[in-house]
Amino acid sequence: MELSPDSATPTPWPHAPPHHFDATSIFFVTASTYLKARLFHDSARLNLLQGALLDHASRFGWQLEAWAVFANHYHFIARPVSGGVTGTAAGKVGSLRELLTQLHRTTATALNSLDQAPGRKVWHNFWDKRLTFEKSYMARLNYVHQNPVKHGLVPVASQYPWCSAAWFERMAAPAWIKSVYAFKTDRLNIEDDY
């Protein structure tokens, strides 16, 4: 796998560093490809998935705080921008289910077109968890940022172009970075056997 994104593909990075904990509306999401197939196996396909995730989050009114996309799964942490998780209407935030349904539909269609595999099942399932404790939130922020290291793809998370670690380290205050990275992740129960 290449570890440098295609510079011709602009990435719509979020505009603000992460916010602090709010127990009413922060979600941790994991999704996997069907049969854990490594369908997003190169930089073009990883760019496709990451770009679609960032675009759909923005269009549905969700602020991404951490994300990592891989050949056969992804993780992210997000909160609704205006504080609600109700259905879509002018000026309202789209539901997380709507965001994920559209993200999976869009990426499956684009990937299948790219691979000349019409109708192939791309996505299997997703798991979401509302984060209600600050320690759980902080540990999961660290987990998502460090996931490329966990999977042995890079020695330092910020070197992996398809996750938020480099962005986080550029945008967040040094004390916040230190706090997040200090949280242990070994006791988290996360579906991540990829």
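When a residue number appears, it is its place in the shown sequence, counting from 1. Only heavy atoms go into these numbers, but all of them, side chains included; no hydrogens, no water, no symmetry mates.
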- Which residues share a salt bridge (Lys or Arg N to Asp or Glu O under 4.0 Å) with K121, sequence neighbours left out: none

- Rounded distance (nearest 0.5 Å) linking atom CZ of F28 with atom OH of Y137: 13.0 Å

- Message: Please enumerate all residues that pass ring pair (Phe, Tyr, Trp, His ring centres under 6.0 Å) together with F70, with sequence neighbours excluded.
- Response: H73, H151, Y160

- Closest heavy-atom contact between T106 and H56? OG1-NE2, 3.2 Å

- With sequence neighbours excluded, tell me which residues meet ring pair (Phe, Tyr, Trp, His ring centres under 6.0 Å) with H104. Y74, W123

- Task: Could you pull out all residues at least two apart from Y34 that satisfy ring pair (Phe, Tyr, Trp, His ring centres under 6.0 Å)?
- Result: none

- Note on the structure: When every non-hydrogen atom of L46 is compared with those of V69, the smallest separation belongs to CD2-O, 3.9 Å

- Query: Counting only N and O atoms by type, is there a donor-acceptor contact under 3.5 Å from the side chain of T33 to the main-chain atoms of A37?
  - Reply: yes

- Beyond-backbone contact of W176 with F168, side-chain heavy atoms, under 4.5 angstrom: yes

- L141 vs F183 side-chain heavy atoms within contact, under 4.5 Å: no

- What residue pairs, at least two apart or across chains, pass salt bridge (Lys or Arg N to Asp or Glu O under 4.0 Å) with a residue in residues 66-78? none

- Which residue pairs satisfy the salt bridge (Lys or Arg N to Asp or Glu O under 4.0 Å) criterion with at least one member in residues 152-164, sequence neighbours excluded? none

- Message: Between S164 and W67 (side chain of the first, backbone of the second, donor and acceptor by atom type, cut-off under 3.5 Å), is there such a pair?
- Response: yes

- Between I177 and A172, the two heavy atoms sitting closest are CD1-O, 3.5 Å

- By salt bridge (Lys or Arg N to Asp or Glu O under 4.0 Å), K150 pairs with (sequence neighbours left out) D192

- Query: Is any side-chain heavy atom of F40 less than 4.5 Å from a side-chain heavy atom of Q50?
  - Reply: no

- Query: How close do A110 and L48 get, heavy atom to heavy atom, and via which atoms?
  - Reply: CB-CD1, 3.6 Å

- Message: Can you tell me how far apart CG (N125) and CG (L100) are? Round to the nearest 0.5 Å.
- Response: 10.5 Å

- Residues pairing under salt bridge (Lys or Arg N to Asp or Glu O under 4.0 Å) where one sits in residues 172-183, two or more places apart or in two chains, turn out to be none

- Out of curiosity, F126 CZ to L103 CG, how far, rounded to the nearest 0.5 Å? 10.5 Å

- Query: Can you check whether H145 reaches C163 side chain to side chain, under 4.5 Å on heavy atoms?
  - Reply: no

- Can you name the closest pair of heavy atoms from N147 and A68 and give their distance? CB-CB, 4.4 Å

- Tell me, please, which residues at least two apart from S58 pass side chain to side chain donor-acceptor pair (under 3.5 Å). none

- Tell me, do W162 and L49 make a side-chain contact under 4.5 Å, heavy atoms counted? no

- Query: Which residues pass the salt bridge (Lys or Arg N to Asp or Glu O under 4.0 Å) test with R59, sequence neighbours left out?
  - Reply: D55

- Step by step, would you call V154 with V149 a side-chain contact (heavy atoms from CB on, under 4.5 Å)? CA-CA 5 Å; V154 290; V149 175; 4.3 Å; yes

- Item | Heavy-atom closest pair, residues T107 and A52 | CG2-CB, 3.5 Å

- R105 side chain to T101 side chain, donor-acceptor N/O pair below 3.5 angstrom: no

- side chain to side chain contact (heavy atoms under 4.5 Å, CB included) partners for A78, two or more places apart: W62, L64, F76

- Message: So, using salt bridge (Lys or Arg N to Asp or Glu O under 4.0 Å) as the criterion, who are the partners of D115 when residues are at least two apart?
- Response: R45, R120

